[in-house]
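Step one of this worksheet: look at the structure below.
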Amino acid sequence: KGFRDYKLSDDKIAPSYTQQYKRYVGIAIDYFGTKDVRDVRKLDIVNYQSHVSKKYNWGNKTLKNCLDIFKTFLMYVKNDLEILNVVPHFPVIEIDPPITTWLTRETQIAVFSHVPDFDKPVIAFLMLTGCRPGEARALKCKDIDLERGLITISATFSSSVYRKKRKGKKSKPLVTPIHPEILEYIKYRVENNLPEAFMFTNREGRHYAETGLLDIWRRVREKVGLDKSVRLYDAVRHSYASQLINAGVSIYSVSSLLGHSNIKTTEKYLHNDLEKLKTEISNVSLKEKVISLAKIQNVDNSLS
């Protein structure tokens, strides 16, 4: 069975990733050609990694993504087609943990003040819920339970494609409370629109396009004077999680609010300010305990 015969179904690959996925598949096809998958050994994987690394000069993250696609193919051959008994060992590629950029509450408020009034509802929703931009764009009036004050997030946009699932392989619908500061707008939209209407619409009355939100963010970022490296994602989802963690909210609660299926995904937001840590450690002291222990030790000495 050849690699060129392998295709992921539409529900397993996001449209926004399709082009990159096809490129990785093409690289594997060019390298392995008509080689029988049953003849692929660990050494072949090592040589493939070396070939890709030298030819494309990618960073470790991109290199790992490329090899992961080939490993997924081999797992498919083993588990679905039952042609392989064992998947060859893949070399471990170390990746530096990403630096999570986020905004403080004060900076976020300053940023929000520069958002055009028409676009404030969608940006406010993103900042106050930590929802992914693609999920906010896909939110519909039918997803709102006004009586219980809850929002069900069960769809997303991947580029311009509406998908009836959230991002992530094991993602499930996320039920989250409506923030009081955006309740009035949400209530108005639900009560004055059909269930299938999108919650947030642009000036043309259509759902926001990905480029539309990014253009809004680019203009706001320039007005505030933030570095170009600060993304909309950083200003909303990352900032939401980081602010909650720094305010002392349990990491498990934050994980639940973000809809993470694994608590390890949430751990990247544990990046407290060092100065704050210096202050907080003063709350831990052994002073009284040391004195008490010293007295106990004296008593023990007197008994010996």
Side-chain angles (χ1 to χ4, degrees), residues 61 95-137 139 149 151 153 156 166-168 174 176-186 199-200 208 210 212-260 262-284:
K61 187 176 188 303
I95 300 176
D96 293 332
I99 298 174
T100 303
T101 301
W102 61 286
L103 307 182
T104 63
R105 179 173 178 270
E106 293 72 23
T107 302
Q108 204 176 44
I109 291 173
V111 166
F112 186 69
S113 68
H114 288 279
V115 175
D117 288 344
F118 186 91
D119 303 307
K120 271 185 164 63
V122 65
I123 300 299
F125 180 80
L126 290 169
M127 288 182 168
L128 295 172
T129 64
C131 180
R132 295 184 179 94
E135 293 170 345
R137 292 166 51 214
L139 191 67
I151 302 170
I153 299 173
T156 189
R166 294 176 58 239
K167 181 180 178 181
L174 168 65
T176 189
I178 302 174
H179 194 287
E181 292 179 23
I182 54 175
L183 176 58
E184 183 180 1
Y185 174 84
I186 288 178
M199 175 57 59
F200 304 104
Y208 279 90
E210 181 179 28
L213 279 184
L214 294 180
D215 283 343
I216 294 169
W217 172 243
R218 176 181 54 78
R219 290 193 293 269
V220 170
R221 185 181 60 201
E222 290 174 354
K223 289 180 180 179
V224 179
L226 292 176
D227 190 87
K228 291 182 179 180
S229 63
V230 182
R231 306 169 302 164
L232 174 63
Y233 205 92
D234 300 324
V236 292
R237 188 169 173 85
H238 285 179
S239 297
Y240 174 81
S242 299
Q243 289 178 30
L244 288 176
I245 291 288
N246 282 1
V249 177
S250 160
I251 188 173
Y252 297 100
S253 295
V254 175
S255 183
S256 178
L257 287 168
L258 293 177
H260 287 161
N262 192 323
I263 192 70
K264 290 187 177 296
T265 307
T266 319
E267 289 177 354
K268 66 182 177 182
Y269 297 109
L270 296 173
H271 45 60
N272 293 289
D273 181 77
L274 289 178
E275 292 304 316
K276 181 182 177 183
L277 289 178
K278 289 178 182 178
T279 302
E280 290 180 344
I281 61 173
S282 63
N283 293 320
V284 180

Gap between atom CZ of Arg231 and atom CZ of Arg237 - 0.5 Å precision
11.5 Å

How long is the span from the NZ atom in Lys167 to the OG1 atom in Thr156, to the nearest 0.5 Å?
8.5 Å

d(Met127 CE, Leu103 CG) to nearest 0.5 Å is 7.0 Å

Minimum heavy-atom separation for Cys131 to Ala136, with atom names?
SG-N, 3.5 Å

So how far is it from Thr265 OG1 to Leu258 CG, rounded to the nearest 0.5 Å?
9.5 Å

Which word best sums up how the rings of Phe200 and Tyr185 line up, parallel for under 30°, tilted for 30 to 60°, or perpendicular for over 60°?
parallel

Summary of side-chain hydrogen bond (donor to acceptor under 3.5 Å, both in side chains) pairs that have at least one residue in residues 217-227, sequence neighbours excluded:
Asp227-Ser229

Please report the closest heavy-atom contact between Phe125 and Thr129, naming both atoms and the distance.
O-OG1, 2.6 Å

For Ala110 and Val224, which heavy atoms make the closest approach, and how far apart are they?
O-CG2, 4.4 Å

Does a side-chain heavy-atom distance below 4.5 Å link Pro177 with Leu257?
yes

Could you check whether atom CZ of Phe118 has more than 12 heavy atoms from other residues, nucleotides or ligands sitting under 6.0 Å from it?
yes

Where the side chain of Lys120 meets the backbone of Val115, is there a donor-acceptor pair that is under 3.5 Å apart?
yes

Listed partners of Glu135 passing side chain to side chain donor-acceptor pair (under 3.5 Å), at least two apart
Arg132, Arg166

Can you give me the closest heavy-atom contact between Ser255 and Asn262, atom names plus distance?
OG-O, 4.4 Å

Provide the closest heavy-atom pair for Trp102 versus Gln243 in the form atom of the first, atom of the second, distance.
CZ3-CG, 4.1 Å

With sequence neighbours excluded, what pairs up with Tyr240 under the ring-ring contact (aromatic ring centres under 6.0 Å, His included) test?
none

Any idea which heavy atoms bring Ser239 and Gln108 closest together, and the distance?
CB-NE2, 3.5 Å

How many angstroms lie between CG in Leu232 and CD in Glu210, if you round to the nearest 0.5 Å?
10.0 Å

Pairwise distance CD1(Ile245) to CD1(Ile251) - rounded to 0.5 angstrom
5.0 Å

